[in-house]
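Bear in mind that the values here come from a model prediction, so they are computed numbers and not experimental data. Because only heavy atoms are used, hydrogens play no part in the values below, and waters and symmetry mates are left out as well, while side chains stay in.
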Amino acid sequence: MAQINKKQKLCHNVSDKSITLIDIINWNYLNNVAIEYHDLNKIYTIKYAELNEARNKIVSILKCIENFEFIGIGIDVPEYCIPALILGIITKGFGFVNLPSDAIMYTKFLSTLHIKYIFLWHPIDNTEMICKFNIHGEYLYLSKMKQAQEQYIQNVESGYVYAIATSGSTAEEKICKVLHSCIVPNIIDLKLILSITESDKILQLTSFTFDPSIIEIFLSFHSGSTMLMISKQIKNDVDRLLDIIFWNNVTILQSTPSLFFHRWSTERISNTILGKDSPLRIILLGGEPFPKIDLLLAIKHFENRTEFFNIYGITEVSCWASINKITWIDKEIESSYLGTVLSETIFQVRNEDDSIVSKGDGHLYIGSNSRLCIVDNEVLQNMKRPVFRNTGDIVHIDNKGRIFYKGRQNEIIKRYGNKLNLLRLNETISELHFVRNCYSWWDVERHKLHLCIRAITNGTALYELKKEVMSHLEKLPDIYKPDKIHFIKNIKLTANGKICTKFLQKICMQDRITSSSHRDAVEKSFESVWNNYLNSKTNGFLKLGGTSIMALQISTEICELLNTQFPNLIGMLLKDATFEECLTYLKNILLFNTRNEINVPTSYTPIHTYVTMHKPLSNNAYKINEEDICLWQKCKGKTYIHLSSNDQILKFDKKAMFNIRVKNTFDLLKCVDASPTVFQYNKRTFVTVGSHSGMICTVELKAEDNSVVYKIQLPNRIESSVVVLDNFKGIVGCYDGHIYCFYLKTGDIIWKYQTKDIIKCTALLSESQNKLYIGSYDNNVYCLSTENGTKIWSVKASNGSISASGCLHSATETVLFGTLDGSCVAINQSKGDIFWRNKLMNPIFVSPITLHNGFVLFCSVGGTLICFDIQADIKLWTYQINSNIFAYPITQYDPIKNCENIIIGSLGKSIYYLELNSSIENTGPVLKYIKNVLSPIYATPWCEDDYMCIACTDGTLYICKLSQGDILSSIKLGGEIFSSPVLANGLITVGCRDNNLYVLEQCKMNE
């Protein structure tokens, strides 16, 4: 078939090339809701009249700009403001560009399209503000790039509507400039085919940097219907996202198959949008091969009336080129048939020598005389029409002229001299009932075939599943049997919702590098891992925006990829090592891995020179009173009652704790990631905390607002908590490698001790309080005199840095620490001898815990809780949490039930409440409940009586009922929270990344 017969095309007239997207917008329903936007705590609605008003405002603002083809829209602009910006830009005759977050593509867009003007929510470097304006209640800026390359465009009536990048799934990303005449036919076609009216509600779920988002926006506006938009925070909460789609009566949904089936479980889909009474009329699945019909039938309620469409196209002929309504009659045909070709579009199939194929297999090309995109540096006037684009897909034409998808060109490989279609392998494996997703990858260099399976195991051993896979493959020729099968828990998707091929390659290449002879491969592998998380190699890890989580991910990936342990890598990253420093370390480890011990070169220790503090750095004069005794202190989920204390700590006012509000804030100049310490001298309660600026702020907590504030300065960043002694003394670790003992009110240094690296660990006092134990990033644990800072002993705990505090184990007179190479260590408190050591699979970022029965609990960042009897050197039980752990676990012993409750927060946005029965020997805990919140939990929760305070990284604080997990109250602070809250005397104190220490108070409901 040389070309699809024109009779097979749709018959409506969309050939008028002067029609623009603005021309087809339906303004007949001005009182209808055009946009319904769901944020965490609010729903915004924008009517067509308001949308039109905002559009006209943008047109007026752009009157000052001439001779530019494209106007940029920044990534920080609130989602619900973007449609108005788009409409205003194209009404004025410009094209719009939703700029990507990827730094390389961002720069390529600016330079290739000569973008000089960008709409922003917050001003950025290298821009100057042209004007500030308000639309939909948000203040935005039109900004001008200071260093943009000047290139005035003479023919501003170019007809470009937007520019967008290809997905880059098969080759390097290209920039496509799209004409109105290319996208308008798509919108008109789909409205008619799908019978969309003003009563429909269309979900806008696609990233703005992926061209199907244009379909969602303008299909809705062309129909006069409502477009449902959802904030990024809710999109990350998959359960809440699905509930919003279902309960808010979405009727049209567009997605890639991978995103649709990866985002939600089949059970959740079956009970909501594909349930019996679902309001969802239509699901469009495109961008990837259509899923097996059997899979859809298995999750679709038999009375569900949702219609499925297989929609197909490429960005180079934006956006969709054909559509097929699934009728469930012939399952094999339905899933791979590309369907009816859309208006102004030509399908052409060619063989290897570029001859046209009328029957059989060939390469699919999509062409048009009017649906044209200009790719990279092409010139429209020089293009011979019709213009055809290679899709990269292999198709089959049957004797009826129908075209069926068979796979990508790069999925047809040659193995043992025979051709093999990877799509056929994937489809065959997907027939197995336990296979959720299946992907294969061909290692060209080693001629190895890898099969990646995401399975529903239901407790079945993986080797049993593997046997079933190999048995099922008997129906295919022997060349289809893979060299290696990988069972994977999760699939990584691109920003466009497609399978990330780099992710598959990483999994399949894990066993490729096993010795020091692959030094070039080491550099390439580490560069690939580094670039997955950071956009540059020009600076240190922390200065490039690296976090503890990124450090863990990079370390884990490179260890798996190179099949070697690199115990110091996390520590190096977290003290701002550069790419080159880390790479040198990796190569040295691989080169000298026969040695028993690898030392990190001293150049990795931060090199800073500071002025020693001999004078107070505070103007607050204070006379030391020898009778000032610290009665108790609270920090990171624990209360430390001092031996001299007979006072009772005030509890919550339970009648007033269902509302909280900000009472005071104290500015510490930079992020407050350290957890505050609340303490009491006599009848006066104080809080003290340090910040990234090196400032330590101490505040007396009073019922009135006339708090006395003491601020002192240390030379470098502080992330550890302050330990309080008598006489208003404090002890804290600093990023300059010193442990300081100082007066909290004056800043006078009593003593300081220098280690060989940064200190993030909080000091631990001995029971007599005359000694402290503290870990350093130099891998050592130090025991110092609290009186004068004299070193009593030090010992190298392991090859990993120490980030978390220790805990005392009275029965063995040891102090316990966990390290970043996964080591669990018990050290004799008096002499510093290693009493016991064990090793976990993952790093440890949290303090160990001594349980009521004398056993010890360690938690790895991978979510594994392991209980040891360190006296007998026996592992008693293991419990797995399905997420990473950076929050210290909390325990509460119940003497009546003789059980110990374990409360722990996770990065999976959940609090786990476990019950450990002390009367049943050597058995693990039982899960009582999981409380889900909307953001990851990095901070340790505070639990007291039957109440719990949870701090999330998005800045939200929750007060919950501990026994059930019910949320009683919440408040959103001004920045991210990595600091652990403390509740004492009716007040909550917590640090925040908006540079403030917050003091919050309980208030009655009517206040």
Checklist entry - Taking C-beta and beyond as the side chain, do I967 and K931 meet within less than 4.5 Å on heavy atoms? => result yes
Item to check | pair I902-L857: side-chain heavy atoms closer than 4.5 Å | outcome: yes
Checklist entry - Hey, what's the ring geometry for F886 with Y938, parallel, tilted or perpendicular (30° and 60° as the breaks)? => result parallel
Item to check | Ion pair E79/K235, N-O distance below 4.0 Å | outcome: no
Checklist outcome for this item: Closest non-hydrogen atoms of P848 and S805, given as atom of the first, atom of the second and distance, are CD-O, 3.6 Å
Next on the checklist: A side-chain contact here means heavy atoms from C-beta on lying under 4.5 Å apart; do P925 and W877 qualify?
Outcome noted: yes
Checklist entry - Does the D39 side chain pair with the main chain of N41, one donor and one acceptor, at a distance under 3.5 Å? => result no
Checklist entry - Out of curiosity, E1001 CD to I988 CD1, how far, rounded to the nearest 0.5 Å? => result 10.0 Å
Checklist entry - To the nearest 0.5 Å, what is the distance between NZ (K42) and OG (S231)? => result 13.5 Å
Checklist entry - Is the shortest heavy-atom distance from the side chain of V982 to the side chain of V990 under 4.5 Å? => result no
Next on the checklist: When you compare the side chain of K745 with that of F686, does any pair of heavy atoms fall below 4.5 Å?
Outcome noted: yes
Checklist entry - Of L808, I827, L816, which meets side chain to side chain contact (heavy atoms under 4.5 Å, CB included) against Y773? => result L808
Checklist entry - If every non-hydrogen atom of P981 is compared with every non-hydrogen atom of A951, which pair is closest and at what distance? => result CD-CB, 3.9 Å
Checklist entry - Can you check whether N995 reaches L669 side chain to side chain, under 4.5 Å on heavy atoms? => result no
Checklist entry - Do the two ring centres, one from F728 and one from Y743, sit under 6.0 Å apart? => result no
Checklist entry - Can a cation-pi geometry be assigned to K752 and Y740, taking NZ or CZ under 6.0 Å from the six-membered ring centre and within 45° of the ring axis? => result no
Item to check | Heavy-atom side-chain proximity of I802 to N779 below 4.5 angstrom | outcome: no
Checklist entry - Cationic tip of K634 within the cone over F679's six-membered ring, i.e. under 6.0 Å and within 45° of the normal? => result no
Checklist entry - Is the ring centre of Y753 less than 6.0 Å from the ring centre of Y782? => result yes
Checklist entry - Atom OG of S860 and atom CD1 of I885: how far apart are they, to the nearest 0.5 Å? => result 6.5 Å
Next on the checklist: If the threshold is 4.0 Å, N to carboxylate O, is there a salt bridge linking K909 and D237?
Outcome noted: no
Next on the checklist: With heavy-atom distances below 4.5 Å as the criterion, would you say the side chains of C992 and V672 are in contact?
Outcome noted: no
